[in-house]
Each structure stands twice: as C-alpha cells, then as structure tokens.
Novice: 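Below you will find the structure I want to go over with you.
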Amino acid sequence: MAVSSGLTNFAQALNAEQLAAVTAPDGPLFVLAAAGTGKTRTLVYRVAYLVQQGVDARRILLLTFTNRAAREMLARAQILVGEQVGGLWGGTFHHLANRMLRRYAPLLNFGADFTILDHDDSISLIKDLITELKLGGKQFPKAEVLLSLLSGAVNRRQALDAAVQRYFEKHPIDPEDALRVFARYQQKKRAQNAMDFDDLIINGLQLLKEHPGVLAHYQEQFRYVLVDEYQDTNPIQADWVDLLAQRHRNLLVVGDDFQSIYAWRGADYRNIMTFPQRYADTRIFKLETNYRSTPEILAVANRCIAGNPHQFQKVLRATRPAHHKPVLVSVADGAHQARYVIGQLVYLRNAGRAWRDMVVLYRAHYHALELQMELTRARIPFTVVSGVRFFEQAHVKDVLSLLRILHNPGDELAFARFLSLLPGVSSRTAAKVWRSLGGRWTAGNAKARSAVAGLLPKAARAVWQTLLPIFETYESLLRKEPAEIIAQFSKIFYDEYLLDTFDDYERRQEDLAEVMEFMAGFASTDDFLNEVALVTNLDAEGDRLAGNAQDSLRLSTVHQAKGLEWNVVFVLWLADGLFPSSRAMLESGEDAEERRLFYVAVTRAKDELFLCAPAMRRALNGGIQFLEPSRFVKELPPDCLRQEKTDFL
DNA sequence: ATAGGCTCTGTTTTT
DNA sequence: CAGAGCCTAT
C-alpha cells in the first residue's frame with residue numbers, strides 16, 4: 001500500500017546531505033558516498049522519491065553490482081512507497097544486457113535463445129580449441145591464462161593483438177597462435193549460439209551503438225538511470241551508462257573511489273574521478289557522516305587511506321560515541337591465529353553477540369582453510385561465502401546440462417557434458433556423436449533419439465535406453481514442472497552416478513534439491529536457464545540466509561564483503577605478501593588497490609575490529625617462511641591501535 | 001577408455 | 001607438500 005506523506009517523511013529519515021541528494025532536481029547527479037554513510041539508503045529513498053513524484057517505475061533503471069543488491073533495494077523501496085516500485089528495471093550490467101539481448105540478439109545474428117557460457121564453459125571450450133589446433137604442449141599457455149588475457153583486453157578496451165604481443169614477449173611461443181585460438185573461440189561461440197560473460201556486455205553495447213532504433217527505445221524508456229558502485233565500472237560499462245542516459249540526462253551515480261577494488265577486472269576509477277568533467281552541470285553531493293563505526297575504527301580507516309594517490313578528498317566523520325580501539329594481534333602462525341580468533345569469538349558470543357554479528361575476512365579463500373577446520377572442531381556454526389560458485393559445481397552442471405539440451409538443440413557443450421556421464425563415453429566420443437548428428441539434436445524427435453543410441457558404445461547404449469522415458473515426456477514438464485525432470489533423472493540414473501563418483505554424495509544430493517527449489521522461483525525454464533549463469537553465490541546465498549535465518553558466523557573474502565557490515569570484524573593474515581598480495585602488486589606495479597581493499601575490510605566493522613598479523617607460515621616447500629606485518633598496519637600511528645602480543649603457544 | 005604413476009607447479013580477487 | 005595434469009600401460 002502506498003504511503004503518501006509528502007516530503008516530511010524523507011526529511012525525518014535522512015540527514016541533510018542525504019536529503020539533498022534524494023530530492024535533487026533532474027539532471028546529472030554525483031553522490032560521493034564514503035563507507036557507512038548511508039549510500040544504499042540514499043539510493044533507496046531516491047527511488048522512492050521518484051516514484052512518489054509520479055515517475056513510472058518502469059522508466060527507472062537501477063544498475064547494481066550484484067543482483068541481490070538490486071533486489072534488496074527494491075524491497076526496501078517497496079516498503080516506503082508500495083507495489084508500484086515493482087516494475088523498476090534493476091540488476092547488474094550483465095543482467096540488463098541479457099535482458100536486452102534476449103529481445104534483440106537476432107539483430108546481431110544471434111538467436112534469441114542463445115546460451116550463456118559461464119567461466120567453466122569458456123575454459124573447456126578453449127581447451128578443446130587448443131587441442132583442435134594442435135597447439136598443446138607444455139609451454140603453450142593454459143586455457144585459464146588465455147581466457148583471462150582475452151577478458152582483460154576486452155574489458156579494458158585494449159587491442160587484442162597488442163595485448164597478446166605484450167603478454168608473449170617473455171614466452172618462447174608465437175603470439176599468432178594465441179590469436180588463432182581467440183579467433184576460433186569467437187567462431188565457435190557463434191556457431192553454438194553462445195555468449196560468454198564479456199560478450200554480454202560487448203554485444204549489448206554493440207546493439208545500442210549500431211541500432212539507433214533500439215538505442216532510441218531504451219533511451220526513451222529510461223528516464224532515470226541510477227548506478228550504484230560506480231567506482232567499479234569498466235570503460236565499456238561507463239559507455240553503456242553514458243549512452244543510456246544521453247536522452248534524459250537524469251543520471252545519478254553513486255560511489256566511493258576509496259572502495260574501488262576491481263581494477264584487475266578492468267574497472268577504472270577514472271570513470272568516477274572524471275564524472276564531474278564529463279557532465280559539466282553535475283550536482284555533487286558528498287556523504288561523509290558515518291553512522292556505522294566507532295570513532296576509533298574510523299580513525300584507522302581515515303589514516304590508512306590518506307596517503308593513496310589520485311583520490312577525492314573526503315574524511316569519515318563519526319557520529320557514534322567513543323568505544324575501544326581496534327586491536328592489532330600479533331600471532332605466531334596460522335594455527336595460533338585460528339586459536340586466537342576462536343577464543344575471541346567464544347568470548348564475544350558469551351558476552352551476548354550472535355554468531356551472525358561477527359565475520360572473518362581475508363584476502364584469498366585459502367587463507368581461511370585452517371580456520372575452517374578449527375571452527376568445525378570447535379563446533380562453531382559458520383558459512384563460507386564460497387570460492388566455488390554454487391551453479392558451477394560439477395554435479396549441478398551435470399543436471400543442468402540435461403535441461404539445456406532439452407531447451408536448446410544446438411547446445412554442444414551441454415550435449416557433450418551430458419553424454420560423458422554415460423559409461424564408456426569420453427569427451428572424444430561425445431564430440432564424434434555430435435558431429436554425426438550434424439551439430440544438432442532434438443530430444444523430442446524419436447529418430448534423433450535412436451540415432452544417438454546407434455552411435456553409442458554398448459554399455460552406454462543400455463543406460464541411454466533407460467533414459468528414454470525422460471526424453472519422451474519432457475515437453476509438457478519443461479513448461480509446467482521442470483524440477484520433475486531433474487527428479488526423474490536422479491531416480492533413473494544420476495543418484496547412482498553420484499554415489500559411485502563422489503564420496504560426499506549426500507551433500508551433492510542436497511544441492512540438487514536446492515536447485516529444484518531455486519527453479520521454482522522462475523516464471524519458466526527458459527528464464528531459469530537464461531539467467532542461471534549470471535546468478536552469483538551472493539545472489540543465491542542471500543536468499544538462503546534470509547530464508548532459514550540460522551545463526552552462523554560468516555567467512556568471506558574482502559571482495560565479497562563489499563557493501564555489508566558486522567558488529568565484529570576479524571581480518572586474517574595481515575602480512576606483507578599475503579595482504580597486500582604480492583601477486584596483485586606485481587601485476588599492477590603498485591599497492592594502491594590493495595590498500596583500498598584493506599580500507600574496505602576496516603570499514604565493514606561497527607564496534608570491534610581485530611587485525612591479525614602472523615609472524616610466519618609454512619612455506620611452499622614445507623619449510624618456514626617469516627613474515628613482515630602488513631605495511632597497512634605498520635603505516636598506522638601506533639596509538640590508533642591496541643597492541644595485543646599473545647604468548648606464542 | 002581408464003587407472004595409476006609421474007612430473008611439474010605454485011596457492012587472488014569474480015560478473 | 002599437495003594437487004593438477006600429463007603420460008603410459010592395460
């Protein structure tokens with residue numbers, strides 16, 4: 001139900017800085033929002049404000065960093081002004097691109113039912129191509145390397161041949177070979193009617209640039225464009241935004257250059273730095289009043305970021321009363337660190353904190369393995385915001401491959417994956433079958449079904465026959481009850497396959513139950529398949545965590561903690577080389593982004609912050625490596641922190 | 001096609 | 001040291 005109480009409502013809920021931004025008149029707006037200053041709140045209220053002013057929600061575009069963020073903001077805006085917010089377009093760039101391309105892909109000579117290749121799919125495709133082009137061999141770069149090279153060039157809008165030249169300077173192989181792989185990769189994707197993550201963005205932009213009618217349509221539709229986390233957009237995404245907002249120029253970007261942590265993925269903080277120049281009539285709003293953290297935590301945050309080059313000057317102003325200083329914990333090694341953290345967790349929990357009020361953050365997933373074991377032993381419930389994405393796990397992809405071949409008869413990757421599940425069928429056999437079928441297979445066609453049977457080795461053929469009931473009946477199920485297809489498949493074949501193949505068979509089965517549940521949230525199987533590649537852990541995680549609000553400790557990388565907050569924050573492995581990561585510094589030649597990452601970690605904390613600095617770790621070869629405390633800790637004035645030197649147990 | 005042994009490599013962040 | 005990926009023998 002709509003609440004119509006005019007502006008007073010907003011004035012009560014917002015501070016002066018926020019209110020000014022929320023109620024600003026039309027035109028380009030730039031909200032520079034430091035951590036914990038109510039950035040999300042401002043966006044939510046802006047949406048609510050617009051709707052209350054009579055703007056049709058369908059004419060508002062809200063671009064966010066995760067789909068979950070969009071959903072959350074939408075839900076919050078709905079509480080403010082009611083159902084009318086429902087028609088708003090919200091989500092990630094990939095999500096928006098997908099939505100546009102589903103409609104207009106034919107203009108780019110793709111079918112509208114194109115498949116989205118996730119990271120794994122892209123890798124296996126490139127692997128196949130390396131083999132096909134006979135380029136294997138141990139000095140030839142791995143598919144992983146090639147893909148990240150390609151993606152890096154694409155997202156930074158660098159010429160591919162130059163990027164390849166540069167990369168292979170130190171390699172004894174011919175850069176032309178890499179370019180051949182890339183060329184073939186593009187061809188293959190087209191032939192399979194497939195796009196990878198980067199293609200979505202690139203093709204989406206191409207669609208707008210080359211088809212004035214389409215561009216005009218969306219420019220007209222989106223009277224208001226709001227962009228969250230603008231500091232993490234890459235040049236292509238920035239173009240998207242500029243193009244879409246060109247007509248109405250009601251563009252609101254929100255961000256914080258201090259929190260730009262995706263340069264490695266092509267994000268360019270210059271987008272945010274130069275925004276006021278690119279839009280000369282921009283109104284600038286600075287949010288600096290922090291409601292989240294204690295003054296002691298903010299002091300650390302302000303100090304750590306102060307020396308970073310090229311940034312908008314801003315200082316977090318505290319509103320909360322003094323509490324105690326963040327703790328710098330010197331520990332001997334990983335084991336000691338785990339024991340210390342667990343000791344503190346238990347203490348804080350006994351003092352009244354819930355597990356969910358606390359988080360352990362780290363630079364890289366493997367930094368937390370040791371702690372995970374100790375937490376298990378201590379019977380502390382925890383949830384890892386995992387490195388392996390839920391929908392990229394082998395068993396999930398196996399099952400989805402069935403839906404994919406039923407849905408898209410040209411989906412070679414899915415077909416090969418599915419067939420390889422059968423006994424005695426490897427990727428080679430699968431490829432051969434696919435070729436004999438002429439690169440297309442329709443499950444609903446009886447001839448096609450027996451053609452496959454004829455091409456399979458004996459053992460596989462027997463299993464294939466047992467699967468026929470699924471292929472004979474899927475068509476109505478696909479529309480009405482796609483989960484039932486998975487259930488049948490499990491019963492006939494896949495349960496047993498799981499049991500034979502994996503030792504953690506039960507967990508995987510539970511995952512599949514979750515997949516079925518998740519599917520129920522989509523209007524159709526098409527929608528589900530068309531978007532599942534874009535669903536991130538966090539998207540799914542948020543739902544799951546919200547659903548059964550079990551109380552558990554969260555473990556997360558700093559990257560995945562972006563935008564979130566906890567009462568108590570532990571940061572692990574603050575040692576030079578680990579955090580900041582030496583690899584990252586080697587790649588970029590500087591430590592500015594790592595420092596921003598540290599800043600993000602620090603500013604997640606509301607009440608208490610523990611910075612753990614181990615003195616040594618097990619080295620790569622089994623020996624011991626001594627560590628220097630992280631430069632980010634050493635740079636801080638000593639009186640910012642309470643030093644805790646624990647006994648080396 | 002697959003199992004098992006051997007060698008090499010080397011721990012980043014993710015839409 | 002561990003895990004991945006390659007090679008070889010069946």
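Everything numeric here is computed off the predicted structure, so don't read it as measured data. Residue numbers begin at 1 in each chain, while the letters A, B, ... track the order of the sequences.
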Novice: Name all residues meeting the side-chain contact (heavy atoms from CB on, under 4.5 Å) criterion together with A:E370; count only those two or more places apart in sequence or in a different chain, and write none if there are none.
Specialist: A:A335, A:W573
Novice: Of all of residues 256-265 of chain A, which get a heavy atom below 4.0 angstrom from DNA chain B, listed by number?
Specialist: A:Y262, A:W264, A:R265
Novice: Just how far, in rounded Å, is P of B:dT14 from CZ of A:F65?
Specialist: 10 Å
Novice: Determine the interatomic distance between C1' on C:dA2 and the same-named atom on B:dT13; round to the nearest Å.
Specialist: 22 Å
Novice: Could you check how far CD of A:E370 sits from C1' of C:dA2, rounded to whole Å?
Specialist: 15 Å
Novice: Send over the distance from A:H95 NE2 to B:dT14 P, rounded to a whole Å.
Specialist: 21 Å
Novice: Rounded to whole Å, how long is the line connecting atom CG of A:L117 with atom C1' of B:dT15?
Specialist: 14 Å
Novice: Hydrogens and angles aside, do A:D113 and A:N193 bring a side-chain donor and acceptor to less than 3.5 Å of each other?
Specialist: yes
Novice: Enumerate the salt bridge (Lys or Arg N to Asp or Glu O under 4.0 Å) contacts for residues 571-590 of chain A, please, sequence neighbours excluded, ordered by first and then second residue.
Specialist: A:D576-A:R631
Novice: Taking only residues two or more places apart in sequence or in another chain, which ones pass ring-ring contact (aromatic ring centres under 6.0 Å, His included) with A:F382?
Specialist: none
Novice: Rounding to a whole Å, what distance do you find between A:L147:CG and B:dT13:P?
Specialist: 16 Å
Novice: A:L419 has an atom CG; how far is it from atom C1' of B:dA1, in whole Å?
Specialist: 15 Å
Novice: Check for me: is A:Y366 stacked on B:dT11 by the 5.5 Å centroid and 30° plane-angle rule?
Specialist: yes
Novice: Rounded to whole angstrom units, what separation is found between the CG atom of A:L369 and the P atom of C:dG3?
Specialist: 10 Å
Novice: Is a donor-acceptor contact shorter than 3.5 angstrom present between the side chain of A:R583 and the base of B:dT12?
Specialist: no
Novice: Among all residues two or more places apart in sequence or in another chain, which pass the ring-ring contact (aromatic ring centres under 6.0 Å, His included) test with A:Y269?
Specialist: none
Novice: What donor-acceptor contacts under 3.5 angstrom involve side-chain atoms of residues 198-208 of chain A, with partners at least two apart or in another chain?
Specialist:
from: A:D198; atom 1: OD1; to: A:N155; atom 2: ND2; distance (Å): 3.1
from: A:D198; atom 1: OD2; to: A:S151; atom 2: OG; distance (Å): 2.7
from: A:D199; atom 1: OD1; to: A:K189; atom 2: NZ; distance (Å): 3.4
from: A:D199; atom 1: OD2; to: A:K189; atom 2: NZ; distance (Å): 2.8
from: A:D199; atom 1: OD2; to: A:D196; atom 2: N; distance (Å): 3.0
from: A:N203; atom 1: ND2; to: A:D199; atom 2: O; distance (Å): 3.3
from: A:Q206; atom 1: NE2; to: A:E210; atom 2: OE1; distance (Å): 3.1
from: A:Q206; atom 1: NE2; to: A:E210; atom 2: OE2; distance (Å): 3.4

Novice: Rounded to whole angstroms, how far apart are CG on A:L597 and C1' on B:dT14?
Specialist: 13 Å
